[in-house]
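A short worksheet on the structure shown next.
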Amino acid sequence: MLWGAGHDAEGHTPYGPFAEALDGRLAGRSTGERARTGAEYPELAALLPSLGRVPARSGRSPEEERDRLFRATAGLLGELAAERPVVVVLDDLHAGDAGSFQLLGHLARRAPEGGRAWRFLATVRPEELSAADPRPQVLDLLIHQSRRPRSSCRGSPARPVRR
């Protein structure tokens, strides 16, 4: 299981929930394994501190850079899922940036391709998003496309914990 979260206090760190989830998994690997991953997916070095130094920027457009980052992320998830099924938990996604929602959409659409064994669980507080915010539309589209139900949970009333 990979776990990452949006953090209101930090603002909208680009791809923050995914960076936290992937970097947490990679940090437990050997230096050699991280070096191999960084060499295979250099686009991820800027996103994942555990991979080491950031490569020099190329002359690519921001759209090309984003496409390469999304494909590299899918490649790395594919590698992880080949070892064992992967569940990516994205907690407090409402605090994530628009890029995190776009990356989620990209990865979720590719999960069924070739029987990839990765799934997503995202928690979102809709009241934290304005009606004009386009980010929830990504989630609505994914739910509609996958024909998976949306689950709602209300917070529990604050009560003391009995010991």
Side-chain angles (χ1 to χ4, degrees), residues 1-124 133-148:
M1 180 179 301
L2 284 72
W3 184 90
H7 300 283
D8 291 318
E10 297 174 11
H12 295 296
T13 303
Y15 311 108
F18 284 96
E20 186 173 358
L22 291 168
D23 209 43
R25 172 64 71 90
L26 293 174
R29 292 187 165 196
S30 72
T31 303
E33 287 177 294
R34 289 194 314 266
R36 185 203 54 80
T37 301
E40 189 165 344
Y41 303 108
E43 297 83 4
L44 295 177
L47 182 67
L48 306 174
S50 67
L51 294 182
R53 62 186 170 91
V54 177
R57 304 270 307 162
S58 70
R60 296 182 195 104
S61 71
E63 293 80 16
E64 289 172 306
E65 288 291 332
R66 185 186 66 225
D67 182 59
R68 292 175 66 86
L69 174 69
F70 284 16
R71 285 188 284 138
T73 305
L76 178 56
L77 266 180
E79 272 189 31
L80 295 173
E83 296 169 10
R84 63 179 159 259
V86 172
V87 174
V88 181
V89 178
L90 303 170
D91 196 18
D92 290 336
L93 193 56
H94 57 274
D97 67 312
S100 294
F101 282 76
Q102 292 170 345
L103 181 54
L104 173 61
H106 175 86
L107 296 171
R109 284 189 301 274
R110 276 144 191 81
E113 293 175 4
R116 292 187 173 129
W118 71 60
R119 298 293 179 261
F120 297 93
L121 173 65
T123 64
V124 178
D133 193 326
R135 294 176 296 167
Q137 294 171 3
V138 173
L139 297 176
D140 291 339
L141 182 61
L142 289 173
I143 290 167
H144 176 73
Q145 288 175 342
S146 69
R147 295 186 175 90
R148 300 280 194 272

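Heads up: numbering here begins at 1 and tracks the sequence. Values in this document were obtained by computation on a predicted structure and should not be read as measured data.
- Across Gly6 and Pro17, no two heavy atoms sit closer than the pair N-CG, 3.8 Å.
- Atom-to-atom distance recorded for Leu51:CG and Arg29:CZ is 10.0 Å, nearest 0.5 angstrom.
- Checked for salt-bridge contact, Arg36 and Glu79 meet the test: a charged N lies under 4.0 Å from a carboxylate O.
- Put simply, the side chain of Arg110 gets close to the backbone of His106: a donor and an acceptor are under 3.5 Å apart.
- Smallest separation of non-hydrogen atoms from Ser100 and Tyr15: OG-CA, 3.1 Å.
- Remark: side-chain polar atoms of Arg109 are paired, donor with acceptor, to backbone N or O of Gly105 under 3.5 angstrom.
- In this structure, Asp92 contributes its side chain and Ala5 its backbone to no donor-acceptor pair below 3.5 Å.
- Nearest heavy atom pair, residue Asp97 against residue Pro14, reads OD2-CA, 3.5 Å.
- The closest side-chain heavy-atom distance from Phe18 to Leu104 is below 4.5 Å.
- Rounding to the nearest 0.5 Å gives a distance of 8.5 Å between CG of Asp91 and NE2 of His7.
- Taken to the nearest 0.5 Å, the CG atom of Leu90 stands 10.0 Å off from the CD atom of Glu20.
- Looking at Val88 and Leu107, their side chains never come closer than 4.5 Å, going by heavy atoms from C-beta outward.
- Between the side chain of Arg25 and the backbone N or O of Leu2, no donor-acceptor pair lies under 3.5 Å.
- For the atom pair Arg60 CZ and Asp67 CG, the distance stands at 10.5 Å (nearest 0.5 Å).
- Distance check: Leu44 CG to Arg68 CZ gives 11.0 Å after rounding to the nearest 0.5 Å.
- No side-chain heavy atom of Arg34 sits less than 4.5 Å from a side-chain heavy atom of Thr37.
- Between the side chain of Tyr41 and the backbone N or O of Gly75 there is at least one donor-acceptor pair closer than 3.5 Å.
- Using a 4.5 Å cut-off on side-chain heavy atoms (C-beta onward), Leu93 and Thr123 make no contact.
- In this structure, the separation between CZ on Phe120 and CG on Leu77 is 5.5 Å, given to the nearest 0.5 Å.
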